[in-house]
Amino acid sequence: MSEHLRRIGDKELRPESLMMSYGYDPRRSEGAIKSPIFMTSTFTFKSAEEGKRFFEVAYGLREKDPKEELGLIYSRLNNPDIQILEERLTVWDGAEACASFESGMAAIATTLLAMLRPGDVVLHSVPVYGGTDYLLYNILPKWGVTAKGFRACDGTAGMKQALAELGDDAERVAMIFVETPANPTNDLVDILDAVALASRTTRDGRKVRVVVDNTFLGPLWQQPLQHGADVVVYSATKFLGGHSDVIAGAVLCSEELMAPIKTHRTILGTMCGPWTAWLLMRSLETLKLRMTSQMKNARYVADFLADHPKVDKVHYLGHLTEQHPQWETYRRQCLAPGSMIAFEVHGGEAAAFRLLNALKLVKLAVSLGGTESLAEHPATMTHADIAVADQRSMGITGSMVRLSVGVEHPEDVIADLRQALDAV
Ligand SMILES: *Cc1c(COP(=O)(O)O)cnc(C)c1O
């Protein structure tokens, strides 16, 4: 059937060519070229027998037939928009299965609750997203799960050191959770090294799983599953959604690992709604165009900043050189430098604030990955809950500004930054 067209002759079609149609059959929707938004809570069964069959599969009362899909029952379990979106998302990361959520935090929380058990330890890179940090240190401990961090800036040595510091508890590590590049410093964690370190088992013989939050570079510029990671999570609010108008999340992994995640999603009710799914499908059609444009623009902006006398330092993956300790990791794991830049303005917090207050085209806001350029101050905004001493040890300074470069003309973004730097 054309809805799953993946190749023409022996030519495999690229992800960007599939984003307008993959997983959708117009014949099921009056020929509509785009999937309608199925704003419905429940679905009628053709017969009582069909309802019975659907529930047998939903509740795992019998094995699915090889070609059988989960029938449509109720929108907390599934919905056409969610299903089509999830099929499209698997294409980019080369994943077997996808689950979509109403936020990135819903995706991360549901995944961790599904994969962890009391007594488990999560080894994680530092810094991680604030919500993830709160989950690891304030919510999961109530369920007997604890966490141990390693600084992304210390590289693989830091990861091994943290494991060693756990002593006997190292065999309780059930998950290595990695956010790379680190926000906002762009330090890289080597996924292959994390996978190698995870090739052990927990006390009770389960495999240690590597989970990567791929929000910053993925799925265009980094594909962790191809490097052996078990699970990829996204805040789809960022690049996948890409227009700063929707909150959403996604998880990608094997069918086997996905089964408990989807069960937890059904019971916790963290699934993505049909309207959110439809917005994300619209976004996916231009994902490559947007991320490519943003990536190219970021290089012009980063080069401008690096040359500016009032800028002390620029943290940008495109400026890594062979001498840099993370060069090999970058070459192996990233396909492009992405569009996130952090830079340090000479003069500390006061200077950074003057710059942020003077921006005109670039908006002062947290979040990232949207079509418009955004700037913020990590030390007092996104990373404000980290103690100042810890911020410094991770390389987050008072003079640091984080920039998410959008799709505007790069010379206009640079003109805005130039006049704002003049005001410093
Ligand atoms: C924004 C973000 C999240 C949380 O996603 P929401 O969609 O806001 O719930 C998680 N991880 C990273 C890296 C993020 O940038």
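Here the structure is a predicted model, which is why all the values come from computation and not from measurement. Just so you know, ligand 1 is whichever comes first in the structure, and atom 1 is the first atom listed for that ligand.
Of the N or O atoms in Met105, one or more lie within a sub-3.5 Å distance of an N or O in ligand 1. Taking only nitrogen or oxygen atoms, main chain and side chain alike, Lys238 reaches within less than 3.5 Å of ligand 1. For ligand 1, the polar-atom distance check finds an N/O of Gly104 within less than 3.5 Å of one of the ligand's N/O atoms.
The nearest heavy-atom contact from the protein to atom 7 (O) of ligand 1 is Thr237 OG1, 2.6 Å. Of the protein's non-hydrogen atoms, the one nearest atom 5 (O) of ligand 1 is Ser235 OG, 3.0 Å. Closest to atom 8 (O) of ligand 1 among all protein heavy atoms lies Tyr129 OH, 3.8 Å.
Between the side chains of Tyr24 and Asp81, no donor-acceptor pair of N or O atoms lies under 3.5 Å. Side chains of Thr270 and Glu102: a donor-acceptor N/O pair is absent below 3.5 angstrom, by distance only. Residues Thr321 and His324 bring no donor and acceptor atom of their side chains to less than 3.5 Å of each other.
Scanning both residues, Cys153 and Met394, for their nearest heavy atoms gives SG-CA, 4.5 Å.
Counting only non-hydrogen atoms, the option in Thr215, Ile108, Thr382, Asp213 that gets closest to atom 11 (N) of ligand 1 is Asp213.
More than 12 heavy atoms of other shown residues, nucleotides or ligands fall within 6.0 angstrom of atom CD in Glu12. Surrounding NZ of Lys34 are more than 12 heavy atoms belonging to other residues, nucleotides or ligands, all under 6.0 Å away.
The contact set between ligand 1 and Ser103, taken as ligand atoms under 4.0 Å from a residue heavy atom, comprises 7 (O), 9 (O). Atoms of ligand 1 lying under 4.0 Å from any heavy atom of Glu179, numbered from 1 in the order shown and given with element: 13 (C).
The proximity of Ala248 to ligand 1, defined as any non-hydrogen pair under 4.0 Å, is limited to the backbone.
The six-membered or imidazole ring of His315 lies away from that of Phe343, with a centre-to-centre distance of 6.0 Å or more.
Ligand 1 lies nowhere less than 4.0 angstrom from a heavy atom belonging to Tyr234.
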Where do Asp422 and Lys310 land on the salt bridge (charged side-chain N to carboxylate O under 4.0 Å, His left out) test, with the steps shown first? CA-CA 9 Å; Asp422 285 345; Lys310 289 186 184 170; 5.1 Å; no

